[in-house]
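Below you'll find the structure, written out as structure tokens, and then a few comments.
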Protein chains: 2
Amino acid sequence: MLKTLDNALHLLRYFTRERPQWGVRELAREMNISHPVVYRMLATFERHGFLRQDEQTKKYELGITFLEYGAILRDHLSITQIIYPVMKRLAETTGESVILTWLDGMEGICLEMAESTQRVKYAMSVGSRTLLYAGASNKVIMAYLPPHVQEAIIAKGLKPKTDRTILDKDELLRDLARIRSEGWAYSVGEYTENVFGIAVPLFAYDKRVVASLTIAGPDYRMPADAVPAALRALKEAQQEIQTLLQRIQ
Amino acid sequence: MLKTLDNALHLLRYFTRERPQWGVRELAREMNISHPVVYRMLATFERHGFLRQDEQTKKYELGITFLEYGAILRDHLSITQIIYPVMKRLAETTGESVILTWLDGMEGICLEMAESTQRVKYAMSVGSRTLLYAGASNKVIMAYLPPHVQEAIIAKGLKPKTDRTILDKDELLRDLARIRSEGWAYSVGEYTENVFGIAVPLFAYDKRVVASLTIAGPDYRMPADAVPAALRALKEAQQEIQTLLQRIQ
DNA sequence: GCCCTTTGTTTCGCATATCGAACCGGTGTT
DNA sequence: AACACCGGTTCGATATGCGAAACAAAGGGC
């Protein structure tokens, strides 16, 4: 393990949605290291386009090299290549957005999205991270994780995303057990206000849950009695993807 | 400048579309450095999710952390935040895909795209790089670059992207001069077969060209006589974006 | 006008993290 | 069974990063 590189990559973690810009000394104070060290890291990242320095403010922010590597990554991710056509078709038949959420550690990450063709639709950015304890797309993954991982996620703390987010540990575990027994999840406004989600899990060859497939949109377009039809289409897509995944692994 | 970090970031450059996977010794040979060094870099990147190791083949490939940073970047890039709604509307009125190409060094990079709502449409991935000497979206940027930069781009070599790509230096320079005098570019099948592009430049506060806005789609939907109407809509969007850009700079 | 503070950037001697030859255990081929 | 490759590890020589101090430039208060 390279300490210099390790420190540098750790530094990047400070560039977040909430705090996308940092001055040299500012960041050095935050990280409790000397500012020349931070400066050298920032300057080296900048040479490679991973960071860019604002000409006026002199502050540093993420650079477009990340977009570039993101594009390469998505290109060769055979998984999304295979799954996307199915997602697209599902988005067209249901008229709602379809989202592929991947399991990464104790979080979810939006790997791919097929947008609804309607004007009013749910959209989220590919690459954005989500917490696993709220919303159908996330809970359906969490429901199939081993108990000690579920415990670990809960132990990290349940913060409300909306006022419908389940914050009680026992209630959440009961909900997850129900989802696991039924094989799918449905939620409204748990992760994002006024947004419904219907989600099913996707499994790897070894039966471990690796992702979820979700139909999402504005809640008024999915009353409870419309769910069964959408679920049927979703389960068909799930089947299809599952057999495709078998083939490549 | 940190040499260790510099070397490590240089290593990432080897993960391309054409060659997205590398074994340790394989990459070490390619880079002419010892394999323990490469191993340490790969392993450290992996710890942070910038690379992942394929369980079966043990080879390394780009990791989803790049998607994550790409999402953060796009989120806070005030430029795309401001421009996207205009692009979206233009895509809806024209029915074709609209692309925002940003100038980065001597290349273009697709910063944002509003997809056509039609079934058959032109699509490219956000973050992908393009060469500046072919296609309307690129040439309209190159046309406004200072002559020495144009020379430098040509000096790097003109390779055909399709059989319509202009490869003659003088012909290209004449074409760029014409584009500059007219203020827009139109091309068919120069960068991608059977794809048309109509493009206008976007300028920073100091009149330097920074990007281009392009309407693109399958060539059969844009015969020469349909261009003026599309161009009118495109120029309106250009005006709008230009005034928006003035405001933030 | 001045002082004072803060900024990003550079320098340099000391401390240490990195390098690479050699090695390990494992796998597949001949 | 000998060989050739692989990913991963070890350890001493040495190239490299660290951080106190200083730099020039910019901005605020008076």
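Only this structure's heavy atoms are used, side chains among them; waters, hydrogens and symmetry mates stay out. Order of the sequence lines sets the chain letters (A, B, ...), proteins ahead of strands, with each chain counted from 1.
Contacts with DNA chain D (heavy atom under 4.0 Å) in residues 30-49 of chain B: H35(B), P36(B), Y39(B), listed by number.
If you find the closest nucleotide of DNA chain C to Y60(A) and to M1(A), the one lying nearer the 5' end belongs to Y60(A).
Counting to the nearest Å, the P atom of dT9(D) and the NZ atom of K58(B) are 10 Å from each other. Separating the CG atom of N7(B) from the P atom of dT18(C) is a distance of 11 Å, rounded to the nearest angstrom. Between the P atom of dG8(C) and the CZ atom of R52(A) lies a distance of 15 Å, rounded to the nearest Å. With rounding to whole Å, E55(A) atom CD is found 18 Å from dA25(D) atom P. Protein atom NZ of K59(A) is 14 Å distant from nucleotide atom P of dT6(C), rounded to whole Å. Remark: C1' of dT5(C) and CD of E26(A) are 16 Å apart, rounded to the nearest angstrom. What separates CG of L2(B) from P of dA15(D) is a distance of 18 Å, to the nearest Å. One atom, CG of L27(A), and another, P of dT7(C), lie 12 Å apart when rounded to the nearest Å.
A centroid separation of less than 6.0 Å is found between the aromatic rings of F50(B) and Y69(B).
One finds a side-chain N or O of T4(B) lying less than 4.0 angstrom from the OP1 or OP2 phosphate oxygen of dG17(D). Neither OP1 nor OP2 of dA26(D) sits under 4.0 Å from any side-chain N or O of Q56(A).
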Next on the checklist: Between F45(A) and Y60(A), does the ring pair (Phe, Tyr, Trp, His ring centres under 6.0 Å) criterion hold? Intermediate values first, please.
Outcome noted: CA-CA 10 Å; F45(A) 276 126; Y60(A) 290 82; 10.0 Å; no
Checklist entry - Step by step, would you call E30(B) with R19(B) a salt bridge (charged side-chain N to carboxylate O under 4.0 Å, His left out)? => result CA-CA 12 Å; E30(B) 182 74 21; R19(B) 197 93 158 73; 5.9 Å; no
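Ionic pairing of E68(B) and R17(A) is not present here: no N-O contact between side-chain nitrogen and carboxylate oxygen is shorter than 4.0 angstrom.
Contact record, L9(A) with T44(B): CD1-O, 4.0 Å, taken as the closest heavy-atom pair.
Looking only at side-chain heavy atoms (C-beta outward), I83(B) and E112(B) stay at 4.5 Å or farther from each other.
Counting any heavy atom pair closer than 4.0 Å across all strands shown, Q53(A) reaches sugar-phosphate atoms only and no base atom.
For T214(A) (side chain) and A216(A) (main-chain N/O), no donor-acceptor pair under 3.5 Å exists by modelled atom type.
Ranking dT16(D), dC18(D), dG8(D) by closeness to the K3(B) side chain, first place goes to dT16(D).
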